[in-house]
Amino acid sequence: MKHIVYALVDCNNFYVSCERTFNGALHSRPVLVLSNNDGCVVARSDECKALGIKMGQPVFQCRELIEQHHILLFSSNYPLYADMSDRVMQTLATFSPSVEVYSIDEAFLDLSHVPGEQLHTYGHQIRETVWRFTGLPVSVGVASTKTLTKVSNEVAKKHPVYQGVLSLVHASEEELDEVLEMLPVQDIWGIGPRYARLLQSRDILTAKDLKYADQRWIRRHLTVVGERTVLELRGIACIPLETQAKPKKGIMTAKSFGRSVESLKELEEAISCYVARAAEKLRKQESAATCISVFLHTNAFQQDAPQYGNSLTRMLPFPTSFTPDLFNVALDMLRSIYREGYAYKKCGVFLTRIVPQDVLQADLFGEYSIEQEYKKARLMCVVDLLNEWWGSNTLFFGAQGIVRAWKMRQERRSPRYTTRAGDIVVVST
DNA sequence: CGGCGTTAG
DNA sequence: TATTCTAACGCCG
C-alpha cells in the first residue's frame with residue numbers, strides 16, 4: 001500500500017489577519033479580536049501574543065496592556081471571516097483533489113499526487129497563492145500523518161527560517177525526533193491540559209517522549225484516542241482524511257445576552273431567534289430533528305445575585321425542521337421553566353436526534369401528513385433562499401421580535417467588507 | 001443510554 | 001460594568 005502524503009494549511013492569526021486585509025492601518029499594530037459580547041479574547045496578533053495575552057482571556061483582565069500598548073480591539077465579524085474562509089478553501093481546492101476543511105482557518109490536503117522532491121516547492125506555491133488571492137498569511141506542514149502535519153505546521157509557523165513551510169516527509173528518523181523533541185507535550189494535537197499534566201507527572205515532556213511511551217499505559221490512561229496520537233507520531237497513519245462533511249448530530253444555538261434580561265417576553269424573542277437559527281442550520285444540512293432542549297440561566301459570575309437555571313427536553317411528534325412548529329414547542333417549554341424575578345444572562349436551544357430529511361416517517365397518531373410537510377418544506381426553502389440572497393434576517397418570524405434589546409454587544413465590529421454591498425471598500429482614484 | 005470528562009478550534 | 005461558543009467521542013455505571 002502506498003503511503004499518503006498529508007499537508008495541513010493553517011491561516012496565521014486568522015481573525016486578526018482578516019481584519020488587517022481590509023485595513024492597512026492595522027499592519028504592525030497590536031490587534032485583538034473579541035468574542036460575543038466583546039467579553040473574551042478570541043484572536044491575537046503576534047504582538048499581543050508576545051505581550052502575554054492569552055487565548056480566551058477576559059478583556060477586563062487585559063485593560064492595562066490594551067491602554068499601554070494602544071492595542072486595537074475588534075468585535076468578531078463572523079460573516080467576514082466565513083467569507084474569507086471560503087476563498088481560502090476554494091484556493092486550496094486547486095492544489096489537491098482531496099481537501100478536508102477542518103475548521104474555519106485550517107484544511108488538511110492529500111498531496112500524494114505530488115512527486116516527493118517537489119513537496120517543499122509545492123508547499124511554498126500554496127502559501128504564495130493563498131496570499132495573492134486572499135491577502136492572508138498561512139503556514140504549511142507536510143508529513144505522513146495528520147498529527148505530524150500539525151507538528152510541522154507549528155514548527156514552520158514558529159521558526160522564521162522555514163518561511164512558513166516545513167515538510168517532514170523525507171526527514172530521517174533522527175531528524176524527525178529532533179523536531180519532536182522541540183515540541184512540548186502540551187502542544188501536541190489531541191493533548192489537552194489534563195493529559196499534559198498526567199504525562200508530565202510521568203516524565204513525558206515532549207512529543208519525542210510521547211512517541212516512545214509505553215503504548216499500553218497510554219491506551220489505559222488516554223483511551224484509544226491517545227493511543228492513535230502515539231501511533232501517528234510514529235508515522236503510522238490512523239486518522240483518515242474526512243473530505244465529506246458529516247451532518248451534525250446536535251445543533252445548539254445559545255448566547256449570552258448583552259445585558260441581563262428579566263422579562264418572559266424578551267426571553268421568548270431570544271429563544272425564537274435561536275430556534276430560527278438552529279432550524280436554518282438543520283435545513284442547510286438537509287436534516288430534521290426529533291428532540292429539542294431549551295435552557296436558561298442567570299449569571300454565575302454574579303455571586304451575590306440570586307441564581308437560577310433550568311432546562312427541559314422534549315421529543316417531537318415526528319422529525320421536523322419547520323421553524324414555526326419548533327417555535328411552538330420551544331416557547332411552551334420556556335414558559336414552563338421560566339421563573340419571575342431573576343436576572344437571566346443566557347438561554348439557548350439544542351436540537352438532537354437528527355435524521356436525514358428524506359426518510360421522514362409517519363407518526364403513530366396521524367398528526368403527520370406528507371402533503372402538509374411538503375408545503376412546509378417549500379415555505380422554509382423560500383425563506384432560506386431569500387435570506388441567503390439578501391442577507392440573513394431579511395425575512396424573519398414575528399416571534400423573533402424587532403427591537404431585540406437583549407442582543408449581544410458588538411461595539412467594535414468592522415464592516416462586512418465582502419458580504420454587504422454597502423460595506424465594500426472604496427478605493428479612490 | 002445518559003451523564004461526565006476531555007479535547008478541539 | 002465586564003468572564004465565548006459549538007461539537008465530537010470515549011468511558012462508565
Side-chain angles (χ1 to χ4, degrees), chain A residues 8 10-15 32-44 53-64 66 73-78 81-82 85 100-108 146-147 150 153-154 185-199 218-229 238-239 242 245-260 274 277-278 281-282 285 287 291 293 295 297-305 311 313 315 343 345-354 408-412:
Chain A
L8 173 64
D10 186 320
C11 301
N12 304 347
N13 315 330
F14 181 60
Y15 296 170
L32 292 175
V33 176
L34 311 181
S35 65
N36 289 342
N37 288 311
D38 298 340
C40 284
V41 172
V42 293
R44 308 155 292 160
I53 295 173
K54 297 280 171 263
M55 186 66 174
Q57 202 174 3
V59 173
F60 74 88
Q61 283 176 7
C62 6
R63 269 295 160 219
E64 259 183 38
I66 291 168
L73 303 182
F74 287 86
S75 303
S76 34
N77 187 346
Y78 285 105
Y81 310 150
S85 176
E100 172 182 347
V101 177
Y102 181 67
S103 74
I104 194 163
D105 72 331
E106 277 174 276
F108 290 103
K146 286 166 106 181
T147 304
K150 280 274 184 183
N153 188 292
E154 200 145 306
V185 79
Q186 66 269 22
D187 295 346
I188 302 167
W189 189 41
I191 304 298
R194 222 36 193 266
Y195 288 165
R197 254 196 297 144
L198 176 65
L199 292 168
I218 296 294
R219 163 79 218 225
R220 192 155 59 244
H221 292 89
L222 276 67
T223 81
V224 296
V225 178
E227 188 178 27
R228 262 184 227 133
T229 299
C238 310
I239 308 173
E242 309 261 13
K246 295 205 185 99
K248 293 177 189 357
K249 296 175 177 177
I251 292 174
M252 177 176 290
T253 311
K255 273 182 193 66
S256 304
F257 302 124
R259 55 162 170 80
S260 61
Y274 301 161
R277 181 79 188 100
K281 291 188 203 167
L282 197 58
Q285 64 168 31
S287 303
C291 187
S293 305
F295 71 88
H297 59 77
T298 51
N299 189 349
F301 288 102
Q302 211 94 69
Q303 297 196 346
D304 39 357
S311 74
T313 299
M315 292 295 293
K345 183 60 181 171
K346 184 173 178 176
C347 70
V349 304
F350 191 27
L351 302 177
T352 51
R353 310 257 177 120
I354 289 173
M408 65 184 182
R409 275 191 306 272
Q410 282 201 313
E411 289 166 2
R412 306 158 185 280

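Each chain gets a letter, A, B and so on, in the order the sequences are listed, and its residues count up from 1. All values below were derived from every heavy atom in this structure, side-chain atoms included, with hydrogens, water molecules and symmetry-related copies excluded.
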Can you see if the side chain of [X] gets near the phosphate of [N] - specifically, an N or O under 4.0 Å from OP1 or OP2?
| X | N | answer |
| --- | --- | --- |
| Lys150(A) | dG9(B) | yes |
| Lys345(A) | dT3(C) | yes |
| Lys346(A) | dC5(C) | yes |
| Gln302(A) | dA2(C) | yes |
| Arg219(A) | dC11(C) | yes |
| Lys249(A) | dC9(C) | yes |
| Thr223(A) | dT6(B) | no |

When you measure from the side chain of [X], which nucleotide among [options] comes out closest?
| X | options | value |
| --- | --- | --- |
| Glu106(A) | dT3(C), dG10(C), dG9(B) | dG9(B) |
| Arg63(A) | dA2(C), dT4(C), dG9(B) | dA2(C) |
| Trp189(A) | dA8(C), dG10(C), dA8(B) | dA8(B) |

Just checking [X]: base, sugar-phosphate only, or nothing, at a heavy-atom cut-off of under 4.0 Å?
| X | result |
| --- | --- |
| Leu222(A) | nothing |
| Ile104(A) | nothing |
| Lys246(A) | nothing |
| Gln61(A) | nothing |
| Ser76(A) | nothing |

What's touching nucleotides 2-5 of chain B from the protein side, N or O pairs under 3.5 Å?
from   : atom 1 : to        : atom 2 : distance (Å)
dG2(B) : OP1    : Arg353(A) : NH2    : 3.0

Quick one: on DNA chain C, does Val59(A) or Ile251(A) contact a more 5' nucleotide (nearest heavy atom)?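 Upstream on the strand: Val59(A).
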Within this structure, what is the CD-CG distance for the pair Glu154(A) and Leu8(A), rounded to the nearest 0.5 Å? 10.0 Å
Before accepting this row, confirm whether a basic side-chain N of the pair Glu242(A)/Lys246(A) lies closer than 4.0 Å to the acidic partner's carboxylate O. yes
In this structure, how many angstroms lie between the P atom of dT7(B) and the CD1 atom of Ile218(A), rounded?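 Taking atom P of dT7(B) as the reference, CD1 of Ile218(A) is at 12 Å.
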Calculate the interatomic distance between Glu242(A) atom CD and dA7(C) atom C1'; express it in whole Å. 14 Å
